[in-house]
Protein chains: 2
Amino acid sequence: MGYPERKNKILRILDKKESLDVQEIADELGISAVTIRRDLVQLAEEGLLIRTHGGAMKAPARHPFTAFADKETVAASRKKYIGKLAASLVKPGDTIFMDCGSTVFAMCPHLKTISPLRIITNSLPAAAEFMDSPGIQVNLAGGEMDGQRKAIHGDRAIAHIRSYHAAKAFIGTDGLSVKHGLTAFSEKEASISTAMAASADKLFVLCDSSKIGKDSYLKFAPLSALTALITDRELAPSQETQLKGKGVKIIQ
Amino acid sequence: MGYPERKNKILRILDKKESLDVQEIADELGISAVTIRRDLVQLAEEGLLIRTHGGAMKAPARHPFTAFADKETVAASRKKYIGKLAASLVKPGDTIFMDCGSTVFAMCPHLKTISPLRIITNSLPAAAEFMDSPGIQVNLAGGEMDGQRKAIHGDRAIAHIRSYHAAKAFIGTDGLSVKHGLTAFSEKEASISTAMAASADKLFVLCDSSKIGKDSYLKFAPLSALTALITDRELAPSQETQLKGKGVKIIQ
DNA sequence: ATGAAAATGATTATTTTTGATCGAATTCGA
DNA sequence: TCGAATTCGATCAAAAATAATCATTTTCAT
């Protein structure tokens, strides 16, 4: 029984049980507790459940703002690292694009001290973050609000983004692989990302190592479009060599 | 039972009980009081509740955009009254403009149950308010964010508003008098209000009685533009007769 | 087929969690 | 204002869970 099969079984058990512990799953599936723990770590990273000491809990309904607020996961600490790193590429006087993903949002705390700075974004949490930062000018894309993603999406927003130019664009991605380049989970996010990429001189992609080597379903940009990939230090060496082989500059 | 699970249970209890004490929770969950105290400290740090001596209290709801910090002043209760009244003019299927004033914002809680509804606004708190209301489609004006007013202003925003049409516009004003009509304190707000008024079939002005008969410095619309004035019940009779004499319809 | 890479399981050391205890701080009534 | 009762914070020890390490098996691309 491979990981994908166990993953399904674990999630199915969780559907009924609300919370469960490691040993319980191990017994039920006839698999060692060590492996179950490894599975749970991975499932937690994918956001499909919440890891607890001793087991796991159902993931709360994907509420982006709470998703941004979840501090205890491994992915969150990676995001913080990546956010800080990405923010260090921003200089006073810059104009930058920022998309609406949580990884890109992690840049915000580190950008507050940079002044002057102009940020063009479709992310409401990002806009809120700079509400009281006088040195930072925020330009919010207009259009239909997506309450789930806490962002502005749609044709209108894309037209808005297209009408601006910025030196640097910072975008996230749901998947990144040598084979398929950048992939997104949703058409909405992909189109905004594409528009930002097209209107910026440099394109920085923020992506934690858990998503590298994986693909989501919608291809939206080739690796050749990247100025650099910003990721964490846990990137598998094999992935690293593959990406470097393709000429991708990696910042970590 | 680990911390995450207890955390949920504690918050669920708090949802119903408003306030609770340590021993009470400890008994209910069958866990030592020491542990509950530790939990409460952590929950308080996360801002999910307020720690008190001996227990905890509900935390005030916090949204990405902290709405207007109106306390329980007289003006606030008038605004609530006006907001409810104005909301009663909105029907399912409407498309409406809402500006970024606090009086107009007071409509929001009463609009949440109206579905379907399309709202075009430049107010960030209003947008945030409907973030979780699936039946309500929010169209946010794009452009430069004004952190002080928690709204989007500028040419871009005005062009955005102008490109739409709505059946009804709800706007606030800083002053309203028979002599000078509607007056505003700031160019920014006035231009947005004008644009909304121009693109709507009906114009409703929300203005509490304390501002009626007073003028701010920038005239932005004549009384004849109003479909109706929505105000509170404390309007001075003399003002009322004057306004009616000018053909202003008053809803209160 | 074959060797490298990945997945799995067992074992051990480390970390986390929990509850108990005790002195210090806070609340509340007189 | 004072004193008793309660609550709090810090420290400690025990138990549980985890992370790290290593050997073994499986998988996969060549």
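Lettering follows sequence order; numbering is per chain, from 1. No hydrogens, no waters, no symmetry mates; every other heavy atom, side chains included, goes into these values.
Rounded to whole Å, atom P of C/dT18 lies 7 Å from atom CG of B/Asp39. Rounded to a whole Å, the CD1 atom of A/Ile36 is 16 Å from the C1' atom of C/dA10. The separation between A/Ile25 atom CD1 and D/dA17 atom P is 12 Å, rounded to whole Å. Across the protein-nucleic acid pair, B/Lys7 atom NZ and C/dT18 atom P stand 14 Å apart, rounded to whole Å. The nearest whole Å value for the distance from the CD atom in A/Gln42 to the P atom in D/dA19 is 14 Å. A/Arg51 has its CZ atom 12 Å from the C1' atom of C/dT16, to the nearest Å. In this structure, B/Leu40 places its CG atom 13 Å from P of C/dT18, rounding to the nearest Å.
Ion pairing between A/Lys168 and A/Asp94 holds under the 4.0 Å rule for side-chain N and carboxylate O. Residues B/Glu46 and B/Lys7 are paired through a salt bridge, judged by an N-O separation under 4.0 Å between the basic side chain and the carboxylate. Salt bridge A/Glu144/A/Lys188: absent, no basic N to carboxylate O contact under 4.0 Å. Using a 4.0 Å cut-off between charged nitrogen and carboxylate oxygen, A/Lys9 and A/Glu28 do not count as a salt-bridge pair.
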Contact state string [nucleotides 25-30 of chain D, B base, S sugar-phosphate only, - no protein heavy atom under 4.0 Å] = ------

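An OP1 or OP2 oxygen of C/dT8 is reached within less than 4.0 angstrom by no side-chain nitrogen or oxygen of A/Thr35.
Contact annotation: side chain of B/Arg38 to base of D/dG9, donor-acceptor pair absent below 3.5 Å.
Taking every heavy atom of both residues into account, A/Ser123 and A/Thr121 meet most closely at N-OG1, 3.0 Å. What you find for A/Leu117 and A/Lys91 is that their closest heavy atoms are CD1-O, 4.5 Å. Closest approach of A/Thr52 to B/Pro4, counting heavy atoms only: CG2-CG, 3.5 Å.
Remark: the backbone N or O of B/Ser209 is paired with a side-chain donor or acceptor of B/Asp232 at under 3.5 angstrom.
Toward the 5′ end of DNA chain D lies the nearest nucleotide of B/Gln23, the other residue of the pair A/Arg37 and B/Gln23 mapping further downstream.
Considering only the side chain of A/Arg6, C/dT8 comes nearest among C/dG19, C/dT8, C/dG9. Of the candidate nucleotides D/dG9, C/dA10, D/dC8, D/dC8 has the atom nearest to the side chain of B/Val22.
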What's touching nucleotides 25-30 of chain C from the protein side, N or O pairs under 3.5 Å?
none

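Interatomic distance, A/Ile82 CD1 to A/Cys207 SG, rounded to the nearest 0.5 Å: 7.0 Å.
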